[in-house]
Amino acid sequence: MTTTPDLWHHYGRTRAATDRDVPDSFYWTWEQDSGPGAEALGDVDGVRVGDLGAGSGRHAAHVATRHRPARVTAVDSSPAQTEMASRLFGHLAPRLQIVASDVVDHLHAMESSYDVLYSVFGAVDFTDPRKLLPAAAEALRPGGRLVFSTLAHYLSGAPAQPDVTAGRVGAKTPDGKAATMARWVLEEQVWVKLLDQAGFTDIGVEVWPATNDGPRTATTLLLGARRTG
């Protein structure tokens with residue numbers, strides 16, 4: 001039997017060693033220093049919220065503690081990331097629920113359960129959108145909202161794809177070997193078409209330019225839509 005290496009094993013470990021606090025702010029942009037905050041989710045008071053590809057759970061912990069949702073579920077397929085999230089923020093249960101699962105499988109199992117789903121450069125970037133977006137629509141209640149931020153272009157500066165094609169980006173296996181993973185970096189109109197095909201309406205797009213000129217900066221696309229009711 002073969003196992004797939006956890007390509008997120010190393011991500012966020014350095015920060016987690018010294019920063020265990022719930023963030024005071026919620027940012028959507030790549031640099032995590034500007035743009036709208038959690039208000040882009042809409043009113044989350046008393047509702048079920050899901051973070052898709054939650055990583056170490058920092059955004060989910062912010063929503064769970066700084067706002068008044070009924071529950072925030074932080075979903076990630078990486079064993080290393082869900083273990084880290086549990087160490088950092090497991091004490092916030094039951095308001096914050098940390099789930100280790102393939103995101104598409106989780107969404108299929110949660111039909112009409114969520115009021116709001118979001119992704120901050122998370123599962124929407126790293127899962128085939130032809131599978132993820134219909135699953136997200138299925139998991140939302142009628143009128144429920146999906147919001148996600150994604151790269152407007154590759155970090156190398158190469159332009160986004162004009163069709164539904166994944167690029168390959170660098171990663172590392174747990175033992176430090178170089179690897180690659182799929183990342184969907186798509187043009188704005190491609191995302192809009194995919195959302196429409198998946199059963200979403202009221203689709204909106206905001207473009208947030210990079211805030212500095214350093215290496216690996218990027219313009220952010222922030223997209224929001226509602227499941228048709």
Side-chain angles (χ1 to χ4, degrees), residues 6 8-30 32-33 35-127 132 135-141 143-150 222-224 226-227:
D6 185 353
W8 294 99
H9 178 84
H10 299 283
Y11 187 78
R13 285 183 175 271
T14 300
R15 180 179 179 183
T18 58
D19 181 5
R20 303 181 62 86
D21 295 334
V22 174
D24 290 327
S25 302
F26 185 119
Y27 293 114
W28 296 93
T29 55
W30 178 251
Q32 291 289 285
D33 61 2
E39 67 272 8
L41 297 172
D43 184 6
V44 298
D45 191 17
V47 307
R48 284 288 305 272
V49 180
D51 184 330
L52 307 180
S56 61
R58 294 185 185 277
H59 286 91
H62 171 89
V63 176
T65 59
R66 303 297 192 262
H67 303 274
R68 298 176 58 86
R71 176 178 291 179
V72 180
T73 302
V75 188
D76 204 288
S77 63
S78 163
Q81 292 298 307
T82 52
E83 187 274 334
M84 189 186 309
S86 295
R87 282 192 289 109
L88 290 170
F89 306 118
H91 63 282
L92 299 178
R95 179 67 65 84
L96 174 62
Q97 178 187 30
I98 298 167
V99 174
S101 174
D102 175 86
V103 170
V104 173
D105 289 346
H106 174 79
L107 292 170
H108 282 314
M110 298 294 288
E111 183 177 354
S112 299
S113 295
Y114 286 106
D115 301 287
V116 178
L117 292 170
Y118 72 89
S119 171
V120 183
F121 304 103
V124 174
D125 277 24
F126 296 96
T127 309
L132 187 144
E138 178 183 335
L140 285 165
R141 296 187 177 102
R145 184 163 168 79
L146 171 67
V147 187
F148 63 93
S149 60
T150 186
L222 177 61
L223 294 101
R226 292 193 182 278
R227 176 190 167 179

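FYI, the numbering just counts along the sequence from 1.
- No side-chain heavy atom of R227 sits under 4.5 Å from any side-chain heavy atom of E138.
- Using modelled atom types, no side-chain atom of T127 and backbone atom of V124 make a donor-acceptor pair closer than 3.5 Å.
- Summarising the geometry of A40 relative to V147, their closest heavy-atom pair is O-CG2, 3.6 Å, with the distance given to 0.1 Å.
- Here the side chain of D19 pairs a donor or acceptor atom with the backbone of D21 at under 3.5 angstrom.
- Of the inter-residue distances, the one linking F126 atom CZ with T150 atom OG1 reads 8.5 Å to the nearest 0.5 angstrom.
- Across all non-hydrogen atoms, the minimal contact from H62 to P23 is ND1-O, 3.0 Å.
- Nearest heavy atom pair, residue S112 against residue R141, reads O-CG, 3.2 Å.
- Counting only distance, with no hydrogens or angles, the side chain of R226 and the backbone of G143 share a donor-acceptor pair below 3.5 Å.
- In this structure, R145 has no salt bridge (charged side-chain N to carboxylate O under 4.0 Å, His left out) partners at least two apart in sequence or on a different chain.
- Between the CZ atom of F89 and the CD1 atom of I98 there is a distance of 8.5 Å, given to the nearest 0.5 Å.
- For the atom pair CG of L117 and CG of L107, the computed distance is 6.0 Å after rounding to the nearest 0.5 Å.
- Of the possible polar contacts, none joining the H106 side chain to the S101 backbone as a donor-acceptor pair under 3.5 Å is found.
- Judged as a ring pair (Phe, Tyr, Trp, His ring centres under 6.0 Å), the pairs with a partner in residues 38-61 (not counting sequence neighbours) are, in order, F26-H59.
- The minimum heavy-atom distance between V72 and P69, with the atom names listed, is CG2-CG, 3.6 Å.
- The shortest non-hydrogen separation linking V103 to A123 is CG2-CB, 3.8 Å.
- The CG atom of L88 lies 5.5 Å from the CZ atom of R58; values are rounded to the nearest 0.5 Å.
- Although no hydrogens or angles enter the test, the distance criterion places a donor-acceptor pair under 3.5 Å between the side chain of D76 and the main chain of S78.
- S149 pairs by the side chain to side chain contact (heavy atoms under 4.5 Å, CB included) definition with W28, V120, F121, T220, L222, not counting sequence neighbours.
- Residues R48 and D115 are not paired through a salt bridge, judged by the lack of any N-O separation under 4.0 Å between the basic side chain and the carboxylate.
- From T18, atom OG1 reaches atom CZ of R15 across 8.5 Å, with rounding to the nearest 0.5 Å.
- Residues forming a salt bridge (charged side-chain N to carboxylate O under 4.0 Å, His left out) with R66 (at least two apart in sequence, or on another chain): D24.
- Atoms OG and CG, from S113 and L140 in turn, are 9.5 Å apart once rounded to the nearest 0.5 Å.
- No side-chain heavy atom of Y114 sits under 4.5 Å from any side-chain heavy atom of V49.
- Residue pairs meeting the side-chain hydrogen bond (donor to acceptor under 3.5 Å, both in side chains) criterion with at least one member in residues 85-100, sequence neighbours excluded, are T73-Q97, E83-R87.
- Partners of A54 under the side chain to side chain contact (heavy atoms under 4.5 Å, CB included) rule, at least two apart in sequence or in another chain, are D51, A74.
- Of all heavy-atom pairs between R71 and P94, the closest is NE-O, 3.4 Å.
- At least one donor-acceptor pair closer than 3.5 Å links the side chain of Q81 to the backbone N or O of Y11.
- Between the E111 side chain and the H108 main chain, no donor and acceptor come within less than 3.5 Å of each other.
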